[in-house]
2 protein chains.
Amino acid sequence: MPVGKSAPKRRSGCPLNASVEMLGDRWSLLILRDMMLRGFRSYKEFLQSYEGIATNILADRLRRLEAYGIITTQPDPSDGRKLIYALTAKGIDLAPVLTEMVLWAARHEETENQALVKQMQKDKQQFLAAIRQRWAEKIP
Amino acid sequence: MPVGKSAPKRRSGCPLNASVEMLGDRWSLLILRDMMLRGFRSYKEFLQSYEGIATNILADRLRRLEAYGIITTQPDPSDGRKLIYALTAKGIDLAPVLTEMVLWAARHEETENQALVKQMQKDKQQFLAAIRQRWAEKIP
DNA sequence: CCATCTTACTTGCGAAATGCAAGTGAAAAA
DNA sequence: TTTTTCACTTGCATTTCGCAAGTAAGATGG
């Protein structure tokens, strides 16, 4: 449920369209994957991710994800230069979406990381519960 | 499982990246929604969909979806001008992805079509089975 | 405390993608 | 035979992307 912020006017009220407007680009979901599955929390880590996002695009996507309430940004108490990016509850709720996208691609394309895929296939609910729990633990 | 066709070189082998490269734009998933949930099968129907896709973008997206094996194109036997677009098995396998995206947006944003959402929430498996069955029936 | 390094960005700019309006050609309808 | 309909294509202005090169604030080493 969005609060304050004048809604930026959607093309339609369809829930799928809402998702697509927030996540429908070539980078947002990869950033979320890195946060959710690889535990990335800093700008530098995202930059070093294999796909190679450009610095200006990364900055833009992080701003957008924060504006949508999918991630939060806070200063690193142990290093004033660093910022810590973290998933909100709304962000971690995207785990089922990412999971289904991974399973779909694994079924129909030649992809890597079969270990992860097998884990998802074996027990999807347990996989999701584990992700959620890891997230809950480092929220303090 | 892709056959022939020189793979167009992905940014990475990650299955999520594969999905994002095929579907990560502002229109592809909306077209698939229209096919899957609204039963749209022609160019004209897609054009008239509420979000208002441009004609050149629509033509491009249909070509891409066909190239990825997500949809098929065939001439309408009863009208030589028309083409019939249909979901392949790979395409209908995206139903869980669309469903999770709809449920996520419905939970975290103000969206319409609550009837559809309630149906998905009530029994996700049955909802998916129904979609799959409707698809199987009109494959002849 | 001063030079150097890191980190998280911003800026500039060419290339690609998008959006809009106006065609086009083949087939169906009137 | 003229008019519509359908599935596009073409041109062109606008927006977004991607790469390289900065920059400012904070940490680090001597």
Side-chain angles (χ1 to χ4, degrees), chain A residues 8-12 17 20-32 34-35 38-68 70-87, chain B residues 8-12 17 20-32 34-35 38-68 70-87:
Chain A
K9 200 185 301 174
R10 297 211 188 98
R11 293 179 298 189
S12 83
N17 179 63
V20 164
E21 290 194 6
M22 289 186 272
L23 307 168
D25 69 85
R26 295 176 99 58
W27 294 108
S28 298
L29 288 169
L30 296 182
I31 294 170
L32 295 172
D34 286 345
M35 299 182 80
R38 305 215 246 253
F40 287 7
R41 320 192 111 218
S42 72
Y43 192 88
K44 194 191 173 194
E45 286 175 306
F46 297 130
L47 266 193
Q48 289 168 349
S49 196
Y50 188 81
E51 287 91 359
I53 187 170
T55 62
N56 53 345
I57 307 294
L58 175 56
D60 177 74
R61 288 310 115 90
L62 290 170
R63 260 191 304 262
R64 286 190 47 174
L65 290 172
E66 188 182 18
Y68 287 134
I70 294 170
I71 66 174
T72 57
T73 307
Q74 52 180 316
D76 184 332
S78 73
D79 186 336
R81 294 167 302 178
K82 289 192 185 176
L83 291 179
I84 297 177
Y85 298 97
L87 292 165
Chain B
K9 201 184 304 176
R10 297 212 187 96
R11 293 179 298 190
S12 83
N17 179 64
V20 164
E21 291 195 4
M22 289 187 272
L23 306 168
D25 70 84
R26 297 177 96 59
W27 294 107
S28 297
L29 288 169
L30 296 182
I31 293 171
L32 294 171
D34 286 344
M35 297 181 81
R38 306 215 246 253
F40 287 8
R41 321 193 109 220
S42 71
Y43 192 87
K44 193 190 174 193
E45 285 174 305
F46 297 128
L47 266 192
Q48 289 168 348
S49 196
Y50 188 79
E51 287 89 359
I53 188 170
T55 63
N56 53 345
I57 306 294
L58 175 58
D60 177 74
R61 289 308 114 91
L62 290 170
R63 261 192 303 262
R64 287 190 46 174
L65 291 173
E66 188 181 18
Y68 286 134
I70 294 169
I71 66 173
T72 56
T73 307
Q74 53 182 312
D76 184 333
S78 73
D79 185 337
R81 294 167 303 179
K82 289 191 184 174
L83 290 178
I84 297 177
Y85 297 97
L87 291 164

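For the numbers below, each heavy atom of this structure counts, side chains included, while hydrogens, waters and symmetry mates do not. Numbers restart at 1 for each chain; the letters A, B, ... are given by sequence-line order, proteins then strands. Not measured: the values here are computed from a predicted model.
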Residue closer to the 5' end of DNA chain D, B:Q48 versus B:R63 (nearest nucleotide): B:Q48
Please name all residues satisfying side-chain contact (heavy atoms from CB on, under 4.5 Å) with [X], sequence neighbours left out, ordered by chain then number.
X     : answer
B:S12 : A:Y50, A:E51, B:C14, B:N17
A:D34 : A:R38, A:F40, A:F46, A:S49
B:Q74 : B:I84
B:Q48 : B:K44

Please state how far atom [atom1] in [X] lies from atom [atom2] in [N], giving the value in whole angstrom units.
X     : N      : atom1 : atom2 : result
A:F46 : C:dT7  : CZ    : C1'   : 14 Å
A:K44 : D:dG26 : NZ    : P     : 19 Å
A:R41 : C:dA8  : CZ    : P     : 13 Å
A:I84 : C:dT7  : CD1   : C1'   : 13 Å
B:L47 : C:dC20 : CG    : P     : 12 Å
B:L83 : D:dT5  : CG    : P     : 19 Å
B:K82 : D:dT5  : NZ    : C1'   : 9 Å
B:D76 : D:dT5  : CG    : P     : 17 Å

Taking only residues two or more places apart in sequence or in another chain, which ones pass side chain to side chain donor-acceptor pair (under 3.5 Å) with A:R26? none
Check step by step if side chain to side chain contact (heavy atoms under 4.5 Å, CB included) holds for A:I53 and A:L30. CA-CA 10 Å; A:I53 187 170; A:L30 296 182; over 6 Å; no
Start with the C-alpha distance between A:D76 and A:L83, add both sets of side-chain angles, then the distance that settles side chain to side chain contact (heavy atoms under 4.5 Å, CB included), and finish with yes or no. CA-CA 5 Å; A:D76 184 332; A:L83 291 179; over 6 Å; no
For residues 56-64 of chain B, please give each side-chain donor-acceptor pair under 3.5 Å, one per line with the distance, not counting sequence neighbours.
unit_1 : atom_1 : unit_2 : atom_2 : d
B:R61  : NH1    : B:D25  : OD1    : 3.2
B:R64  : NH2    : B:E21  : O      : 2.9
B:R64  : NH2    : B:Y68  : OH     : 3.4

Using a cutoff of under 3.5 Å, can you pull out all pairs of nitrogen or oxygen atoms linking the protein to nucleotides 27-30 of chain D, with atom names and distances?
unit_1 : atom_1 : unit_2 : atom_2 : d
D:dA27 : OP1    : A:G80  : N      : 2.8

Which atoms of nucleotides 16-19 of chain C (N or O only) lie under 3.5 Å from a protein N or O atom, and what are those distances?
unit_1 : atom_1 : unit_2 : atom_2 : d
C:dT18 : OP2    : B:R61  : NH2    : 2.4
C:dG19 : OP2    : B:W27  : NE1    : 2.9
C:dG19 : N7     : B:N56  : ND2    : 3.4

Suppose we screen for salt bridge (charged side-chain N to carboxylate O under 4.0 Å, His left out). Which residues come up paired with B:D79, at least two apart in sequence or across chains? B:R81
Does A:T55 get its side chain close enough to the base of C:dT10, under 3.5 Å, for a donor-acceptor pair? yes
